[in-house]
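So the structure is just underneath, and the comments pick up after that.
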Amino acid sequence: MSTLLNIIWIFFGGLGLALGWVISGILCIVFIVTIPFSGACFELAGLTLAPFGKEVVERKHLNNATVPKPIASTLWIIFSGFWLYIGYLISGILMMCTVIGIPLGLQCFKIAKVSLNPYKYTLVDSKVMNMINNR
């Protein structure tokens, strides 16, 4: 079921939202100071293409977790996070206007949380989330 929903997601907004991450990543590379942010942009662009079957998790629960840095997080919100967050909110509200779009809108709101702080949160497969919860 999640595969079908991911295909619908790509056609009804997911591709455009992933493109927003890619554009943000390219802009982060252009402005030399924000190059470290580009990795998160490209990672989340890939995750945005198939959000069904994934859940938001704090990176501290993963083995390869990095500690979020307050200065980097603040710069991220100013340069990219806020704008991506607004894009997800607008897309989510528009998708929630129809019954068929409700699951798509919920995914927008889920990823909006990650877009504000990709150093603290990430999307992981639901199976991985179950393993984390069973520890």
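A quick note: this is a predicted structure, and the numbers were derived from the prediction, not measured.
The closest side-chain heavy-atom distance from Trp21 to Ser115 is below 4.5 Å. Residues Ile10 and Asn6 fail the side-chain proximity criterion, which asks for heavy atoms closer than 4.5 Å. Contact of the Trp9 side chain with the Leu15 side chain is not registered, since no non-hydrogen atoms from C-beta on lie closer than 4.5 Å.
Considering all non-hydrogen atoms of both residues, Thr48 and Pro51 come closest at O-CD, 3.4 Å. Here the closest heavy-atom approach between residue Leu123 and residue Lys110 is recorded as CD2-CE, 4.2 Å. In plain terms, the two heavy atoms of Trp83 and Ile78 that are nearest each other are NE1-O, 3.4 Å. Taking every heavy atom of both residues into account, Leu116 and Ile77 meet most closely at O-CG1, 3.2 Å. Heavy atoms only, all atoms of each residue included: Ser38 and Gly25 are closest at CB-O, 3.6 Å. Nearest heavy-atom pair, Lys54 versus Leu47, reported as atom, atom and distance to 0.1 Å: CE-CD2, 3.9 Å.
More than 12 non-hydrogen atoms from other residues, nucleotides or ligands lie less than 6.0 angstrom from CG of Leu4.
In this structure, the separation between OG1 on Thr74 and CG on Asn117 is 9.0 Å, given to the nearest 0.5 Å. Rounding to the nearest 0.5 angstrom, the gap separating the SG atom in Cys41 from the CD1 atom in Ile23 is 11.0 Å. One distance of note links CG of Leu89 with CG of Leu94; it measures 11.0 Å at 0.5 Å rounding.
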Can Leu84 and Trp76 be said to form a side-chain contact (heavy atoms from CB on, under 4.5 Å), step by step? CA-CA 11 Å; Leu84 292 166; Trp76 168 262; 4.2 Å; yes
Dump the intermediate steps for side-chain contact (heavy atoms from CB on, under 4.5 Å) on Phe42 and Ile29, then the final yes or no. CA-CA 11 Å; Phe42 295 126; Ile29 291 172; 3.8 Å; yes
Report the C-alpha separation of Leu17 and Cys108 in whole Å, then their side-chain angles, then the decisive distance to 0.1 Å, and conclude whether the side-chain contact (heavy atoms from CB on, under 4.5 Å) test is met. CA-CA 9 Å; Leu17 293 168; Cys108 281; 3.9 Å; yes
Could you walk me through whether Phe12 and Ile100 pass the side-chain contact (heavy atoms from CB on, under 4.5 Å) test, one step at a time? CA-CA 11 Å; Phe12 290 105; Ile100 296 171; over 6 Å; no
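Hydrophobic clustering, with ILVMFWY side chains joined whenever heavy atoms are under 4.5 angstrom apart, groups Phe109 together with Ile102. Transitive grouping of hydrophobic side chains (ILVMFWY, heavy atoms separated by less than 4.5 Å) keeps Leu44 and Leu27 in distinct clusters. Residues Ile7 and Met95 are members of one and the same hydrophobic cluster, defined by side-chain heavy-atom contacts under 4.5 angstrom among Ile, Leu, Val, Met, Phe, Trp and Tyr. By the rule that hydrophobic residues join a cluster once side-chain heavy atoms approach within less than 4.5 Å of another member, Phe11 and Ile111 end up as members of one cluster. Tyr85 and Leu106 fall within a single hydrophobic cluster, where Ile, Leu, Val, Met, Phe, Trp and Tyr side chains are chained together by heavy-atom contacts under 4.5 Å.
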